[in-house]
Trainee: 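One structure is given below, represented as structure tokens, and several questions about it will come after.
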Amino acid sequence: MSNVKDVIVKLTDVEKEFDGVKVVKKLNLEVRKGEFLTLLGPSGCGKTTTLRMIAGFSNVTSGEIELEGRNVADLKPNERDVNTVFQSYALFPHMNVEDNIAFGLVEKKVPKAEIKERVAEMIKLVQLEGLEKRRPAQMSGGQKQRVAIARALINRPKVLLLDEPLGALDLKLRKQMQLELKHLQQKLGITFIYVTHDQEEALTMSDRIAVMNDGVMEQIGTPDEVYNRPKTKFVAGFVGESNILESYVTQVDEDLLHISLESGKALLHAPGFKNEEMIYICVRPENLLLSETKKEHFSIRGRIVEHVFAGSVIKTVVELINGQKLRVARHPNEEEFEVGTYVYVYWHPKKAIIVHTVEEQIYNVIEGTTNRIYEQLGEKYSPSAREDSHDQ
Ligand SMILES: Nc1ncnc2c1ncn2[C@@H]1O[C@H](COP(=O)(O)OP(=O)(O)O)[C@@H](O)[C@H]1O
Ligand SMILES: [Mg+2]
């Protein structure tokens, strides 16, 4: 874990129940000072609920939330050094841009001259110069979003919570605002906790991503880690496109596993696995390769069923002999296979990732702990010695 001093928001075993249903489960999360952390997951997985508990709009059912090392259970939202930007903007329709932005400072009875100065500074920061006197109804979605952000930032919060702030914008503006927000965050050095269900947005903007599924945080890591080394089937499927294949190990050659699938044999690089283990593997569409001739160690066979043009890539759908469909991303200048052609599917052994279901991961954690305990006990209690004792 990171240095305690660097942690600004800490959640320990946080749970939330509505009418006896747990919607956030044993959430443990440490957000570092100055980091852009994203909670990513499908609708209903508990992102907003988590954000609301951090902001203080909603109580935790159990567990603890700390801001800068202080338990915030008894602090009201306005007593926490945290501000929230909502998707709906929540601007005051009867107030102009300046007054909307100044609102928090007026409430706090900050001197007028200071308010004026800080509002001007914010308007410059979010590039709304010239629009000071406009009301929300006279502005575009992107401009309103900037006002909402300025209104939150003017309070100089230590942490800014953003709940799908770009959700209402069209794609082009959303992409532009993603970069703007990211640059703003880097410039100000304020910690952002950002919520989105859009995996591409999360990958573009975040220092780290916490992937949530059904109230459980399944993985936390950098965009690179989450994309290239997903730990669960869910993460592999939700972040980026992926092909998940069920297989079992038929032979172990040091770090190379020979595996058998319903549709053929294949090879992958993964240390620490045993013969006859069942594994789920994930191969990204860009890492699947097609050939009319058989490659060594690979015999997965399928038929080309469709080519979909998607701008810079062609997405080819291959149906395996067991009916499973794989998505393969290919460059337009690669060899073309006609629909109906039979092909072999293969990959570079290092480009297939082993993923586990959550249940398996929990099992592995318990196993890992047991192994460590045995390691501490010494050589004769090592896992292999333990296996022997099973047989007796
Ligand atoms: N005030 C509430 N009362 C009852 N159920 C709620 C309430 N708020 C959220 N939920 C439920 O909690 C779950 C998580 O919701 P939410 O945190 O809003 O998800 P997300 O933001 O990831 O889409 C959903 O099943 C939702 O219906
Ligand atoms: Mg939500």
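Order of listing sets the numbers, starting from 1, for every ligand and every atom in it. Every value quoted in this text rests on a predicted model; they were computed, and no experiment measured them.
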Trainee: For the hydrophobic clusters of this structure (ILVMFWY residues joined by side-chain heavy atoms under 4.5 Å, transitively), does one cluster hold both Leu173 and Val126?
Mentor: yes
Trainee: State, with a plain yes or no, whether a side-chain heavy atom of Leu245 is found less than 4.5 Å away from one of Leu326.
Mentor: yes
Trainee: Can you list every protein residue that has a heavy atom under 4.0 Å from any atom of ligand 1, sorted by chain and residue number?
Mentor: Phe18, Val23, Pro42, Ser43, Gly44, Cys45, Gly46, Lys47, Thr48, Thr49
Trainee: Does Asn78 have any side-chain contact (heavy atoms from CB on, under 4.5 Å) partners at least two apart in sequence or in another chain, and if so, which?
Mentor: Lys76
Trainee: What I'd like to find out is whether the side chain of Thr50 reaches to under 4.5 Å of the side chain of Met212, using heavy atoms alone.
Mentor: yes
Trainee: Is there a path from Phe86 to Met122 through hydrophobic residues (I, L, V, M, F, W, Y) whose side chains come within less than 4.5 Å of each other?
Mentor: no
Trainee: Step by step, would you call Phe298 with Tyr344 a ring pair (Phe, Tyr, Trp, His ring centres under 6.0 Å)?
Mentor: CA-CA 8 Å; Phe298 285 86; Tyr344 287 99; over 10 Å; no
Trainee: Just to be sure I understand the site: which N, O or S atoms from the protein are less than 2.8 Å away from the Mg ion (ligand 2)?
Mentor: Thr48 OG1
Trainee: Under 3.5 Å, side-chain donor or acceptor atoms of residues 256-271 against the rest of the protein: list the pairs with distances, not counting sequence neighbours.
Mentor:
residue: His258; atom: NE2; partner: Asp253; partner atom: OD2; Å: 3.3
residue: Glu262; atom: OE1; partner: Asn322; partner atom: ND2; Å: 2.6

Trainee: For residues Glu218 and Thr232, is any side-chain donor paired with an opposing acceptor at under 3.5 Å?
Mentor: yes
Trainee: Can you find a side-chain donor-acceptor pair between Glu201 and Tyr194 that sits under 3.5 Å?
Mentor: yes
